[in-house]
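The structure appears below as structure tokens.
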Amino acid sequence: MSEAPITSGVSVLLQGDPSALPAALRGLINNAQFSDVSFVVGRRRQVVHAHRCILISRCKVFHRMFLQQRPPEVQVPFVLADVQPEVFLAVLEFIYTNSVTLDGLLALEVLTAAVEYGLTDLRKLCVDFISRTLTVDMACEALQEILKTQGFRELSDLGIVSILQSDSLTIDEVPLIQAVREWACVSSVVLDVPVSVVAQDAVRELRLVLLSPDELTTLERENAKDDLIPEIQIVQAWKFHALKKVSDSHAHHFQQRKGTLLREHHHYLDTPTK
């Protein structure tokens with residue numbers, strides 16, 4: 001099929017190989033040559049090099065960031081202490097090439113960064129990747145790292161419940177409860193509802209009987225501040241410590257998780273109900 005002739009005097013947009021530009025720009029990612037801005041990223045204080053014109057053209061957040069720098073000719077590195085270098089480099093990869101390389105754990109952090117930097121297309125790529133690849137079992141295995149991320153705090157209540165129902169969590173109940181508390185506080189602010197309402201389904205999956213008496217006492221003091229956990233649930237945990245018997249109802253609450261640290265009273269968890 002022959003192409004239509006080009007009319008004289010009419011401007012026509014002609015495109016070359018669409019992969020050529022991203023391939024060329026990929027070579028500029030974290031390349032100090034001709035870089036005019038740098039970032040000190042993460043706890044390791046890794047220096048990452050970039051180019052203002054590219055960042056400004058692709059991201060409004062960087063545009064505002066550079067406008068606020070005074071005087072602009074002074075090349076002072078921007079400090080990004082709360083983001084991992086791998087995450088920031090993934091964001092730069094997308095900005096420079098319109099593509100991103102992800103794995104199951106990194107995707108959660110990059111998703112959070114995409115929201116923070118207003119990169120809608122990157123957010124969509126992360127959501128699609130996570131929905132296709134991140135199973136509950138994978139999340140459970142990686143939970144110790146995931147709990148440290150902002151991405152965990154932005155999970156839905158259904159996502160939190162699905163994770164908390166698993167015996168495969170490689171984390172102890174004390175930091176798990178703290179993570180749920182932080183998640184509930186963030187969700188409470190976002191949804192403008194009390195913490196106890198936001199977390200009512202999630203806290204039912206917490207296994208308070210795994211806590212020692214001292215830990216339960218500490219939990220009660222913390223709970224008085226926000227009413228995260230219903231009082232009846234704490235009472236049931238104390239009842240177990242008093243009777244040393246596993247209840248037939250909600251038996252999974254007496255099941256140790258993969259990452260549960262051993263406590264003196266845990267040998268009663270294996271005692272059959274009489």
Side-chain angles (χ1 to χ4, degrees), residues 19 22-23 25-30 39-44 46 48-50 54-55 58-62 65 78 80-171 175-176 178-180 182-187 189-191 198 202 205 257-259:
S19 65
L25 290 178
R26 185 176 294 276
L28 295 179
I29 299 173
N30 198 20
F39 300 86
V40 178
V41 184
R43 295 181 180 179
R44 301 193 302 253
Q46 179 176 329
V48 176
H49 302 282
I54 296 178
L55 300 186
R58 294 274 287 156
C59 179
K60 293 181 180 179
V61 172
F62 281 120
M65 183 187 298
F78 290 87
L80 304 176
D82 296 330
V83 62
Q84 297 181 49
E86 296 81 2
V87 174
F88 188 65
L89 286 170
V91 171
L92 290 187
E93 179 187 8
F94 176 79
I95 289 175
Y96 278 68
T97 70
N98 209 39
S99 62
V100 64
T101 305
L102 299 174
D103 58 40
L105 181 56
L106 185 64
L108 291 170
E109 287 276 27
V110 175
L111 172 59
T112 300
V115 173
E116 292 176 351
Y117 286 102
L119 298 170
T120 303
D121 287 344
L122 177 57
R123 175 179 58 80
K124 292 178 180 178
L125 290 175
C126 291
V127 170
D128 179 65
F129 178 85
I130 292 170
S131 65
R132 290 188 290 108
T133 63
L134 190 61
T135 65
V136 171
D137 287 341
M138 288 171 59
C140 292
E141 288 295 327
L143 194 61
Q144 290 193 63
E145 294 300 322
I146 294 173
L147 289 180
K148 303 173 186 177
T149 72
Q150 183 66 23
F152 177 81
R153 300 184 185 98
E154 295 176 355
L155 287 174
S156 67
D157 56 343
L158 292 177
I160 293 288
V161 169
S162 296
I163 291 174
L164 294 178
Q165 288 174 338
S166 175
D167 297 336
S168 302
L169 298 183
T170 56
I171 188 171
L176 187 58
Q178 181 58 33
V180 171
E182 293 175 2
W183 164 81
C185 288
V186 171
S187 298
V189 172
V190 172
L191 300 176
V198 169
E205 304 303 328
R257 305 184 195 272
K258 187 175 181 179

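No hydrogens, no waters, no symmetry mates; every other heavy atom, side chains included, goes into these values.
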Which value, rounded to the nearest 0.5 Å, describes the distance between Glu205 atom CD and Leu176 atom CG?
-> 11.0 Å

Interatomic distance, Leu169 atom CG to Leu164 atom CG [nearest 0.5 angstrom] = 7.0 Å

Would you please name every residue forming a ring-ring contact (aromatic ring centres under 6.0 Å, His included) with Phe39, sequence neighbours left out?
-> Phe62, Phe78, Phe88

Exercise: do Arg257 and Thr170 side chains pair donor with acceptor under 3.5 Å | no

Shortest non-hydrogen pair, Gly42 vs Pro85, comes out as CA-CD, 4.4 Å

What is the distance from atom CD of Gln178 to atom CH2 of Trp183, rounded to the nearest 0.5 Å?
-> 14.0 Å

Rounded to the nearest 0.5 Å, how far apart are CG of Leu28 and CZ of Arg26?
-> 11.5 Å

Atom CG in Leu122, atom CD in Glu93: separation rounded to 0.5 Å?
-> 9.5 Å

If you look at every heavy atom in Leu55 and Ala50, which pair is closest and at what distance?
-> CD1-CB, 3.8 Å

Is there side-chain contact between Ile54 and Ile95, with heavy atoms separated by less than 4.5 Å?
-> yes

Which pair of non-hydrogen atoms, one from Leu119 and one from Arg58, has the smallest distance, and what is that distance?
-> CD2-O, 3.8 Å

Validation row: Ile29, Thr97 side chains within 4.5 angstrom (heavy atoms) = yes

Enter the distance from Leu111:CG to Lys124:NZ here, rounded to the nearest 0.5 Å.
-> 13.5 Å

Under 4.0 Å between a Lys/Arg side-chain N and an Asp/Glu carboxylate O for Arg132 and Asp128?
-> yes

Close side-chain approach of Gln46 and Leu89, heavy atoms under 4.5 Å | yes

For the residue pair Ala90 and Val110, what are the closest heavy atoms and their distance?
-> CB-CG2, 3.8 Å

Check ion pair Glu86-Arg44 (N to O, under 4.0 angstrom) = yes

Taking C-beta and beyond as the side chain, do Pro22 and Asn98 meet within less than 4.5 Å on heavy atoms?
-> no

Please report the shortest heavy-atom distance between Ser187 and Val198, naming the atom on each side.
-> CB-CG1, 3.4 Å

